[in-house]
Amino acid sequence: MSQPDNKQSDRGSFGNRLGFILAAAGSAVGLGNLWKFPYLTYKFGGGEGDQHGAGTFVFLYLLCIALVGLPLAIAEILIGRRAKKSPVGAFKALRPGSLWRAVGYLGVVTGFIILSYYTVVAGWATGYVAKSVTNEFANYESHVSNETVYDRILQETREAQQDQSISKEAALAQFGAKYPDSEAYDNAIKEKKLEAYPVALFSDFLSSPYKLIGYFLFFMLLTVGVVLGGVSGGIERWNRILMPALFLMLGILAVRVLTLPGGTKALTFLFKPSFSDISIEMVLFALGQAFFSLSLGMGALLTYGSYLKKNERIGASAVAIVSLDTTVALLASIVIFGSIFSYGLVMKGSGIGNLFTAIPVIFQHMPGGRILTILFYLLICFAALTSTVSLLEVVASTLIDERGMKRRTAVLTGAGVITLVGIPCALSFNVLSDFTLAGKTVFDLFDYFASNIALPLGGIGIALFVGWALTRAEKREELPELATPTFRVWNFLIKYLVPAAVAIVLIATLMGQI
Ligand code: PHE
């Protein structure tokens, strides 16, 4: 077999398997788990309307992870390690002169798109670090007007009594009658303000184009700084401490909210499927989210795989990455919905801000909450950074390998273009919020296209390549540790089930739209 010419020493490699797992898990664990999964579960669980629960969506998601995500993660790492190249180069090296390299190019374009809007959300997390430092979350009393609270009381009373004709005066009188004196009444109004505050604060934040662009640029610079330093620089070391710290904090918060009254409603909301609400749109989103969350289908795992040493086990690494990623997504949702239900938070809008509205409330109710809030949003920024780094690394390593650019030029060129594309995404929440196509803002369109179409398409390409273009002997050489039956199951999934299932979902969606 002709090994492609690899300059392993120039490309660098991971110190050991743990280094690879941490970097790959760092790519996988990010805003996809902490921000997007809780946002989608809210959307498919009924959101502010009829909250019938997201059980069906969560079930579909887990199914996609097990049947599509895991086999594909193995396939992607395998290609990378065999070729020791970035995505485009890898396909060229393994099957010279073929059209397979198109899969690599698609991945690079997808990386561009994801990075542009992903960094906007990472900017929100940065802004929330600043808000935690200045303790803005404590200012709810002066921030929420009495009118807002009265409206909410009216709405709650109407809902509770299922009577839309109740007047505001009547609702307020009923509310007031529950409290013996004016002090108790004032406290109740205060509590209502606290419930409404996070949503008000977040929409305030989104309405400022300068802030959003500022934090976006800041985060982009941070990413550029890390990628300029090369893969196995400081970030790998930080990963070892900060990833477990994030995990630990999520674990503690989950226990905390689940022991509060009403907190366990989060479990019913997330895990009790009804199946009557299933739709092709839901299947598409579950699949797209599996791709997005695992960093699959655009060559990120492939690129990290290219730095993996020959004697490391791909299968076991993939299982570790996938389990970790899924656990973080579920924990984050438990924490967020636990907080929403136990503190009776106002559910409003698309749920896109769940990560930013629910978390500060938990900490407001905890001793040392201010420090913990700062720490938590810092960890979120770090998780986002390890993901943006992997995205920019794909773009940069392609420019280096394919265009012969110097690392510096490649990183700056890539990031420069992505920044220009990202600005309209940041403006989608304010100046450009009315600029929509099929009801979607630029931000939504990018997210929809990248997660639900481009990544799954890339996934089909990768599955077909590994399933049909690589020989059994080539695959066996990369996966010597898999027992024969396990190898066969994996090979079957990659050859038939993954490409067919993903294609069916994509085609069904397309047909649904015409
Ligand atoms: N998986 C990352 C997350 O969950 C996002 C990402 C997608 C990173 C694709 C790289 C490639 O946040």
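The structure presented is a predicted model; accordingly, all values stated were derived computationally and were not measured. Atoms within each ligand, like the ligands themselves, are counted from 1 in listed order.
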List in chain and number order the residues that pass side-chain hydrogen bond (donor to acceptor under 3.5 Å, both in side chains) with T441, two or more places apart in sequence or in another chain; answer none if no residue qualifies.
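Testing T441 for side-chain hydrogen bond (donor to acceptor under 3.5 Å, both in side chains), a comparison that skips the adjacent residues, returns D444.
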Parallel, tilted or perpendicular, as decided by the 30° and 60° cut-offs, for the rings of F205 and F202
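Ring orientation of F202 relative to F205: tilted.
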Angle class for the F292/Y118 ring planes (parallel below 30°, perpendicular above 60°, tilted otherwise)?
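The arrangement is tilted - the two ring planes meet at 30° to 60°.
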Could you check [atom] against the protein and tell me its nearest heavy-atom contact, residue, atom and distance included?
atom                   : answer
atom 9 (C) of ligand 1 : S295 CA, 3.5 Å
atom 2 (C) of ligand 1 : S27 O, 3.2 Å
atom 7 (C) of ligand 1 : F292 O, 3.3 Å
atom 4 (O) of ligand 1 : A28 O, 2.8 Å

Ring-ring centroid check W124 F429, cutoff 6.0 Å:
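Centroid separation for W124 and F429: below 6.0 Å.
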Output yes when the distance from some N or O of ligand 1 to some N or O of [X] is under 3.5 Å, and no in every other case.
X    : answer
N33  : yes
L294 : no
L296 : no
L391 : no

Might you work through the side-chain hydrogen bond (donor to acceptor under 3.5 Å, both in side chains) test for D447 and S451, ending with a clear yes or no?
CA-CA 6 Å; D447 187 24; S451 311; 3.1 Å; yes
Between Y39 and Q289, do the side chains contain an N or O donor and an N or O acceptor separated by less than 3.5 Å?
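Their side chains do not contain a donor-acceptor pair, so the 3.5 Å distance test is not met.
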Check each atom of ligand 1 against the heavy atoms of [X] and keep those under 4.0 Å away; list them by number with element.
X    : result
L31  : 12 (O)
S293 : 1 (N), 4 (O)
S390 : 10 (C)

Taking the non-hydrogen atoms of Y118, is any one of them nearer than 4.0 angstrom to ligand 1?
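Judged by the 4.0 Å heavy-atom criterion, Y118 does count as contacting ligand 1.
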Between M298 and ligand 1, find which residue part has any heavy-atom pair under 4.0 Å and reply side chain, backbone, both or neither.
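The side chain, only.
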Could K131 and Y128 be counted as a cation-pi pair, given that NZ or CZ must be under 6.0 Å from the ring centre and within 45° of the axis?
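Here K131 passes the 6.0 Å and 45° test against Y128.
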Counting heavy atoms not belonging to F271, are there more than 12 under 6.0 Å from its CZ?
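Enclosed: over 12 neighbouring heavy atoms sit under 6.0 Å from CZ of F271.
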Quick one: pull up CG in L308 and CD1 in I21 and give me the separation to the nearest 0.5 Å.
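Result: 9.0 Å between the selected atoms.
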